[in-house]
Amino acid sequence: SPKKISFPALRIEDWPRFAYRGAHLDCCRHFFTVEEIKSFIDLICMHKINNFHWHLTDDQGWRIEIKKYPRLTSFAAWRPFDKLNDWWVEGRTFCEQDDPRAVGGYYTQDDIREVVAYAAERHITIIPEIEMPGHSEEVLATYPELSCSGKPYVNADFCIGTEKTFEFLENVLFEVIDLFPSEYIHVGGDECPKKEWKRCAKCQALIAAQHLQADGRHTAEERLQSYFIKHAEQHLNQLGRQMIGWDETLEGGLAPNATVMSWRGEGGGMEAARQHHKVIMTPNTYLYFDYYQSADKAHEPEAIGGYLPLQHVYSYEPMPRQLKADEQPYIIGVQANLWTEYIPSFRQVEYMELPRMAALSEVQWCSPEQKDYNAFIKRLQQLVKVY
Ligand code: ACM
């Protein structure tokens, strides 16, 4: 039983280096229950992290109930394969929720309200991510009229040349905003190949109508993505919210008020800061916790690749020296991401997060002169008992 302990009266003076301290969890590649999400929130609370970036939609499954589009959760949330790898090689299809093979799940709007309230009680803001225009195979399998081919299981990117795409995403964001009080809403924008747009008459017609021709810096298709993301931002701004996108949203021209999450290293973050846009540093070179923690990969659960041991995470300095004094304040925060292609259980989520999340927390809280890896390792012994 816990021993009673007492402290003399004391005063603690402390403040974090970065206002935005984030942790991300992908619930699309594998689904985690409401109870597991609450446990994740407990973990980030323990590490004094104040933002939970909840990745709710992606190629492998849609996880948030949207009343206007019920097929997103009666169909696009369920895969007929127990193992994600089998789904990959067997045709990447979805199935009905009541199919005996169905594996997956989703959060009802009541679940989301419960989780948002649970986080708020712990002073944590939840930032939902609704991916667009790429990473959307699951939506297009369900509503193929939103794709360039008009057929299911052909495209992964929304057709930008169809008005229905804008209508769909606006309607989805209306419901999302109603559920999440967060100032920031994340719209993805990463890894959209834009290939189909080149061949699609509707996308090309929009490029012509909006004069989005290629210039020296950007292709016409990059400018089309930018046109689309700017529209999403305008929609969010009109509803009183701010947009976050991955660093690909720089390509084709950044939306006027956008915040950028720099994941392909720090280059995108630096470029955005130079353009006087807010930046959250989340480089895969330091903060992708789906990468291996040990060089002894034979004794680790299979991971996506990479190698980010604890000390490397701890060593991360988020403020690039190349930025000028007036550009540095645009680096508002730091976040680690956990993509779950290779993470089928919450037990493994904890394994990948801990103790790297403790190192992340010090990167988020401490100024460089306060950081000391050996002292951190000593303190970690106490924290491990709490784990
Ligand atoms: C990402 O890792 N595709 C943001």
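Both backbone and side-chain heavy atoms feed into the values below; hydrogens, waters and symmetry mates do not. Whatever order the structure lists ligands and atoms in, that order sets their numbers, starting from 1.
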Partners meeting side chain to side chain contact (heavy atoms under 4.5 Å, CB included) with Ser39 (sequence neighbours left out):
Phe346
Scan side-chain atoms only and decide if Asp42 and Tyr118 contain a donor-acceptor pair under the 3.5 Å cut-off.
yes
One finds that the ligand 1 atoms under 4.0 Å from a non-hydrogen atom of Tyr288 are 1 (C), 2 (O), 4 (C)
Going by atom types only, do Asp215 and His218 share a side-chain donor-acceptor pair under 3.5 Å?
no
Any side-chain donor-acceptor pair under 3.5 Å between Glu65 and Tyr107?
no
Atom 3 (N) of ligand 1: closest protein heavy atom, distance to 0.1 Å, is Asp190 OD2, 2.7 Å
Closer than 4.0 Å to some heavy atom of Trp339 - which atoms of ligand 1 meet that?
1 (C), 2 (O), 4 (C)
Could you see which bit of Glu191 sits under 4.0 Å from ligand 1, with heavy atoms only: side chain, backbone, both or neither?
side chain
